[in-house]
Amino acid sequence: MKVFEYQKKDHKEFTSFFSYVSVFNETRCIENHYHAAKVFKSPNGEVIFPENWKESRKWAKAGIRQIGWKIGNFILPVRMNNQGYQLEDFGIQWYILLWYKHLYQNPWKVEYLQQFDKFNDQYKSKNFPFGQSDVLLKVKQDGLDGLRSMAIELWNLLSYKSLMIDYNLLKIKYGFICHEVNLNGEMTELSQQIYECYPGVYESYRDSLLSCCLGDIRVIPVSNSLSVVNLFTQINARTDVASLRKCVIKSASLQETSHSAPIYLPETIFDGIADDDASQVLSLIENHLMPVAICR
């Protein structure tokens, strides 16, 4: 059995520190691209972005909490469990796509890998589920398309094939959580969940019933980095398309004054409306809201 050892000097070009790639008009090593995508929340509640891997690791070591990923025009949530990042985390997908592009542009590396049966990296982090040795083994076994298939959700987002992500709105910690409300004081299942999580949002909703009209939005801060947005779009538990359009435009104005904090919308905004109307609303979202994601 022939083993690829990352610690060998002649293999340093296969490490994330010495593998360079150009994305979003910036050429950096994979390690710097990956760490610079992290979004942190400082102790005073400020949202901060590291410049490189050194700053990112320094902040993490100091106990500063990561709350998201900034990848291209998207700011996306972190998917973690008790062991660390989940394999489907957007940062892991980003790391995979960085390797995908680098190896696609350096086919000699892909060819070189074919002679090895096993890939060892003694410095692989325990809370990182898919390190550089895993990347090379995957390419060896399934080729570059196999690697890309592991990050298809992020691939579709970055290529604007879909704005949909599988994520629970209640787990969002940075940006704006949007949900639909009506003028009758009745709650959807999602609204009920939001009000249970953030009681002040329900109080604000009740207080605004006499002053709001269809197409209005109300923004309720729930922390230094997170707000809930009530979208007045529903009539008899159904989405009124004209009101939804108005809310999208008003949300775009909100985003302009909030340093482009991400907006998260529930997939249920499309429930019960015609396909043509849904397509027009989606186009409006794509053209006016950024960063934005629609959560299933």
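Note that the coordinates shown come from a computational prediction; the quantities given were computed from them, not determined experimentally. Starting from 1, each residue takes its place in the sequence as its number.
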Is there side-chain contact between [X] and [Y], with at least one heavy-atom pair below 4.5 Å?
X	Y	result
Ser42	Val47	no
Val3	Asp117	no
Pro262	Ile172	no
Gln234	Val181	no
His35	Asn52	no

What heavy-atom pair brings [X] and [Y] nearest, and what distance separates the two atoms?
X	Y	result
Lys101	Ser22	NZ-O, 2.7 Å
Ile285	Ile294	CD1-CD1, 4.5 Å
Ser204	Ile220	OG-CG1, 3.3 Å
Pro43	Ile64	CD-CG1, 4.3 Å
Ile71	Phe90	CD1-O, 3.8 Å
Gln255	Leu289	OE1-CA, 3.5 Å

- Message: Consider ring-ring contact (aromatic ring centres under 6.0 Å, His included). Of Tyr6, Phe116, Phe18, which one does His11 pass it with?
- Response: Phe116
- What residue among Trp94, Phe130, Trp69 forms ring-ring contact (aromatic ring centres under 6.0 Å, His included) with Tyr85?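 Exactly one candidate clears the test, Trp69.
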- Item | Geometric class of the Tyr34/Phe128 ring pair [parallel <30°, tilted 30-60°, perpendicular >60°] | perpendicular
- Item | Passing candidate, side chain to side chain contact (heavy atoms under 4.5 Å, CB included) with His102, options Ile30, Val135, Val23 | Ile30
- Which one of Tyr198, Tyr202, Tyr195, Phe176 satisfies the side chain to side chain contact (heavy atoms under 4.5 Å, CB included) criterion with Val228?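 Only one option passes, and that is Tyr198.
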Of all pairs that satisfy salt bridge (charged side-chain N to carboxylate O under 4.0 Å, His left out), the ones with a partner from [range], not counting sequence neighbours:
range	result
residues 58-74	none
residues 182-209	none
residues 22-34	Glu26-Arg28, Arg28-Glu51, Glu31-Arg57

- Just do the salt bridge (charged side-chain N to carboxylate O under 4.0 Å, His left out) check on Arg296 and Asp166 with the steps written out, would you? CA-CA 5 Å; Arg296 293 187 180 95; Asp166 289 313; 3.5 Å; yes
- Under the ring-ring contact (aromatic ring centres under 6.0 Å, His included) rule, collect the residues that match up with Phe119, sequence neighbours excluded.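 Phe119: ring-ring contact (aromatic ring centres under 6.0 Å, His included) contacts with Phe4.
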- Task: Report the C-alpha separation of Ser19 and Ser16 in whole Å, then their side-chain angles, then the decisive distance to 0.1 Å, and conclude whether the side-chain hydrogen bond (donor to acceptor under 3.5 Å, both in side chains) test is met.
- Result: CA-CA 5 Å; Ser19 296; Ser16 57; over 6 Å; no
Side-chain donor or acceptor of [X] paired with backbone N/O of [Y] under 3.5 Å:
X	Y	value
Lys140	Gln114	yes
Glu55	Pro50	no
Asp240	Ser243	yes
Asp134	Gly131	yes
Lys38	Trp53	no
Asn236	Arg238	no
Asn106	Trp108	no

- Item | Within the 6.0 Å centroid threshold, strictly below: Tyr112 and Phe14 |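 Yes: the rings meet the under 6.0 Å criterion.
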- Task: Run the numbers on Thr239 and Glu180 for side-chain hydrogen bond (donor to acceptor under 3.5 Å, both in side chains), then give the verdict.
- Result: CA-CA 8 Å; Thr239 299; Glu180 294 185 282; 2.8 Å; yes
Distance from [X] atom [atom1] to [Y] atom [atom2], nearest 0.5 Å?
X	Y	atom1	atom2	result
Asp216	Cys247	CG	SG	7.0 Å
Glu153	Asp89	CD	CG	10.0 Å
Tyr167	Cys295	OH	SG	8.5 Å
Glu111	Leu103	CD	CG	13.0 Å
Leu136	Asp121	CG	CG	9.5 Å
Asn127	Asn81	CG	CG	10.0 Å

Can you find a side-chain donor-acceptor pair between [X] and [Y] that sits under 3.5 Å?
X	Y	value
Glu88	Gln93	no
Asn120	Glu5	yes
Tyr95	Trp99	yes
Ser211	Ser208	no
Tyr20	His33	no

- Message: Test side-chain contact (heavy atoms from CB on, under 4.5 Å) on Leu113 and Val139; report intermediate values, then the result.
- Response: CA-CA 8 Å; Leu113 298 177; Val139 172; 4.2 Å; yes
Within one Ile-Leu-Val-Met-Phe-Trp-Tyr cluster: [X] and [Y], side-chain cutoff 4.5 Å:
X	Y	answer
Leu183	Val201	yes
Ile177	Val248	yes
Leu284	Ile273	yes
Leu226	Val229	yes
Tyr104	Leu154	yes

- Task: Output every pair passing side-chain hydrogen bond (donor to acceptor under 3.5 Å, both in side chains) with a member in residues 264-281, not counting sequence neighbours, ordered by first then second residue.
- Result: Arg245-Gln280
- Pairwise side-chain hydrogen bond (donor to acceptor under 3.5 Å, both in side chains) hits with a residue in residues 218-232, at least two apart: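 Of all non-adjacent pairs touching residues 218-232, those that pass side-chain hydrogen bond (donor to acceptor under 3.5 Å, both in side chains) are Lys41-Ser225, His179-Asn230.
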- Asn182 vs Ile235, side-chain contact (heavy atoms from CB on, under 4.5 Å): CA-CA, chis, key distance, verdict: CA-CA 6 Å; Asn182 56 46; Ile235 301 175; over 6 Å; no
